[in-house]
Engineer: 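Below is one structure. I have some questions about it.
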2 protein chains.
Amino acid sequence: MNKTAFKNKFSPNGPSFQPLYKQVEDHVRQLIIEQRWKLGEVLPNEFKLAEEFNVSQGTVRKALNCLTEANVLERKQGVGTFISEHTEKNALYRFFPLVPDEGETELPSSEVLSLSIQITPKKVAEDLHLKANEEVIYLARKREVKGEICILEDIYLPVKYFKGFVDEPEIPDTLYHFYQTKYLHSVQETSDKIKAVLASTEDAKLLGINENDPLLMFTRVAKTLDGKLIEYRQTRCRSDNYHYLVNLN
Amino acid sequence: MNKTAFKNKFSPNGPSFQPLYKQVEDHVRQLIIEQRWKLGEVLPNEFKLAEEFNVSQGTVRKALNCLTEANVLERKQGVGTFISEHTEKNALYRFFPLVPDEGETELPSSEVLSLSIQITPKKVAEDLHLKANEEVIYLARKREVKGEICILEDIYLPVKYFKGFVDEPEIPDTLYHFYQTKYLHSVQETSDKIKAVLASTEDAKLLGINENDPLLMFTRVAKTLDGKLIEYRQTRCRSDNYHYLVNLN
DNA sequence: TAGTGGTCTAGACCACATT
DNA sequence: ATGTGGTCTAGACCACTAC
């Protein structure tokens with residue numbers, strides 16, 4: 001680890017000040033992107049990393065804690081430091097803010113309606129920064145909880161990131177875990193745009209509701225640790241017994 | 001500051017382990033609740049607080065940084081530590097996630113439609129934990145951006161926390177700043193439940209849209225630093241040119 | 001018992017804002 | 001020039017987990 005961070009006064013036109021722990025943080029993030037450690041494997045402890053990077057253990061600690069806050073790493077006292085994993089359980093709480101008005105949240109089961117390679121719709125290409133000639137995998141699903149279909153999803157994945165996806169014999173419910181383990185793309189951040197819309201004839205039919213009933217519509221773009229935009233998702237969902245929950249502070 | 005935190009082994013049935021910095025954090029939070037420092041006033045620096053609490057400066061630092069992350073405090077290098085304030089600018093970004101599909105976010109202007117004391121609706125009493133005989137102030141507003149009315153709000157405030165509110169000659173746009181400066185209630189945390197609904201006849205009229213057009217409906221409960229539930233708010237808003245934005249990570 | 005992360009301290013120095 | 005928060009280091013010890 002290079003310690004020029006504090007020599008800005010000797011290079012006033014150089015890059016702006018970056019604290020050492022930030023440099024360590026970026027470096028570790030880069031090592032994760034480069035797959036230096038396997039999923040589920042324990043990272044070296046603070047002293048070993050400190051030695052490798054030629055900084056103090058305290059600086060490594062600060063960097064690792066920052067990565068933990070950003071949900072990149074998970075640390076367990078007495079055990080070690082691990083790369084954060086998309087399990088079914090944390091999928092529910094981290095990226096699925098749809099909760100029933102009454103009772104416990106549960107993960108909806110999924111049924112694939114359609115899976116194919118398509119010309120990329122203009123809006124999708126725009127939001128995923130795809131070129132005109134790049135194709136996408138199109139996956140449509142309907143999802144149900146307690147026997148009631150409540151969610152319809154149209155999912156678009158750039159072909160370049162998901163080679164062979166259309167030939168998958170089985171698409172699991174928890175897609176982000178699947179992306180992470182099978183395709184080595186770990187969703188790090190999502191952005192949802194939420195609107196209210198009226199149910200189309202087709203959606204109404206699939207959901208078992210009336211045309212022009214109100215639906216929540218989310219448009220999501222998902223980004224990986226290394227900044228790749230790997231998923232565009234448009235979700236319509238009933239909100240008569242569910243709501244989208246947002247806590248701010 | 002009492003340092004029994006690390007003597008748990010001597011009181012195995014005592015309270016569970018609390019690190020010193022957490023104790024300092026809670027203590028400072030309590031001091032803020034008790035109005036020890038005025039809004040806008042600078043807090044004592046780390047060394048002075050450390051001396052007062054009989055802990056090291058590093059421990060105070062950790063506590064203050066935790067409070068900063070929780071948006072309770074704001075720290076400015078070279079200046080000092082302050083109690084976080086609800087300004088017009090941060091109101092926009094912290095508690096107003098409604099953004100236009102195109103262009104910059106701006107704060108909608110507000111017009112009061114109604115202001116009175118009312119019997120508390122059952123749902124409001126439930127969510128704000130009010131007793132049956134406690135009354136609320138009811139405030140209805142319509143809000144517009146660029147000449148277009150896009151938001152209707154029904155706001156309910158417990159009378160006990162907002163004495164004299166109905167006689168206010170002027171209700172400003174940024175309510176949370178108003179609550180904080182005039183009534184000394186600082187909103188710390190909100191919880192929004194979002195649904196899609198159809199516009200009622202009345203809402204449609206006020207918004208200048210058709211009955212049964214789709215609207216986003218948020219139901220919000222706002223909580224202060226000391227855990228008081230001070231506001232119930234039901235918002236309906238057009239989402240044809242706006243969306244509710246949620247970033248997860 | 002050994003090894004991990006978590007806490008606490010003390011001290012030196014840097015970056016930033018104000019006077 | 002002064003005072004604030006921010007960074008970095010080094011070392012001691014505590015709490016938790018696994019073996």
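In this text the structure is predicted, and so the values were computed from the model without any measurement.
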Engineer: Consider the side chain of B/Asn45, meaning its heavy atoms from C-beta on, and name the nucleotide among D/dC8, D/dT4, C/dA10 that approaches it most closely.
Structural biologist: D/dT4

Engineer: Give a yes or no answer on whether the side chain of A/Arg233 reaches the backbone of A/Thr219 with a donor-acceptor pair at less than 3.5 Å.
Structural biologist: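 Not at all, since once roles are kept as given, no pair shorter than 3.5 Å links the two residues.
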
Engineer: Considering just the side-chain nitrogens and oxygens of A/Arg75, establish if one lies under 4.0 Å of OP1 or OP2 belonging to C/dT4.
Structural biologist: no

Engineer: When you match A/Gln57 and A/Gly78 each to their closest nucleotide on DNA chain C, which lands nearer the 5' end?
Structural biologist: A/Gly78

Engineer: Does A/Lys62 place a side-chain N or O at less than 4.0 Å from the phosphate oxygens OP1/OP2 of D/dT7?
Structural biologist: yes

Engineer: Can you tell me the distance, in whole Å, between the OH atom of B/Tyr21 and the P atom of D/dA15?
Structural biologist: 14 Å

Engineer: B/Glu51 has an atom CD; how far is it from atom C1' of C/dA10, in whole Å?
Structural biologist: 16 Å

Engineer: Please indicate whether B/Lys76 has more than 12 foreign heavy atoms, meaning atoms of other residues, nucleotides or ligands, lying under 6.0 Å from its NZ.
Structural biologist: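 It does not: B/Lys76 NZ has 12 such atoms or fewer within range.
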
Engineer: Nearest to the side chain of B/Asn65, which nucleotide is it out of C/dT4, D/dG6, D/dC8?
Structural biologist: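 Out of C/dT4, D/dG6, D/dC8, the nucleotide with an atom closest to B/Asn65's side chain is D/dG6.
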
Engineer: Rounding to a whole Å, what distance do you find between B/Gln23:CD and C/dT7:P?
Structural biologist: 12 Å

Engineer: Rounding to an integer number of Å, can you tell me how far B/Glu46 CD sits from D/dT7 P?
Structural biologist: 11 Å

Engineer: Between C/dG5 atom P and A/Gln77 atom CD, what is the distance in whole Å?
Structural biologist: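 Between P of C/dG5 and CD of A/Gln77: 10 Å.
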
Engineer: Does C/dG6 have OP1 or OP2 sitting under 4.0 Å from an N or O in the side chain of A/Arg61?
Structural biologist: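 Checking C/dG6 against A/Arg61, a side-chain N or O does come within under 4.0 Å of OP1 or OP2.
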
Engineer: If you assign each of A/Gly58 and B/Val79 to its closest nucleotide in DNA chain D, which residue comes earlier from the 5' end?
Structural biologist: B/Val79

Engineer: Distance check needed: D/dT7 P versus B/Leu64 CG, whole Å only.
Structural biologist: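 Going from CG in B/Leu64 over to P in D/dT7 covers 14 Å.
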
Engineer: Let me know the distance between CZ of A/Phe47 and C1' of D/dC8, rounded to the nearest Å.
Structural biologist: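 Going from A/Phe47 (CZ) to D/dC8 (C1'), I get 14 Å.
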
Engineer: If you look at every strand shown and take non-hydrogen atoms under 4.0 Å, does B/Lys48 touch a base, only sugar-phosphate, or nothing?
Structural biologist: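 Since only primed, P, OP1 and OP2 atoms lie under 4.0 Å of B/Lys48, the category is sugar-phosphate.
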
Engineer: Round to the nearest Å and state the distance from A/Asn54 atom CG to D/dC8 atom P.
Structural biologist: 14 Å

Engineer: With a 4.0 Å cut-off, would you call B/Lys48 and B/Glu52 a salt bridge?
Structural biologist: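 Looking at B/Glu52 together with B/Lys48, the answer is no, because their closest N to O distance does not fall below 4.0 Å.
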
Engineer: I'd like to check B/Pro97 versus A/Leu248 (side-chain heavy atoms, cut-off strictly below 4.5 Å). Are they in contact?
Structural biologist: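 Touching, per the 4.5 Å side-chain cut-off.
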
Engineer: Does a nitrogen or oxygen in the side chain of A/Thr81 sit under 4.0 Å from OP1 or OP2 of C/dG5?
Structural biologist: yes

Engineer: Tell me whether the OP1 or OP2 atom of C/dT9 has a side-chain N or O from B/Thr59 closer than 4.0 Å.
Structural biologist: yes

Engineer: Among A/His185, A/His86, A/Glu231, which residue satisfies the side chain to side chain donor-acceptor pair (under 3.5 Å) criterion with A/Tyr179?
Structural biologist: A/Glu231

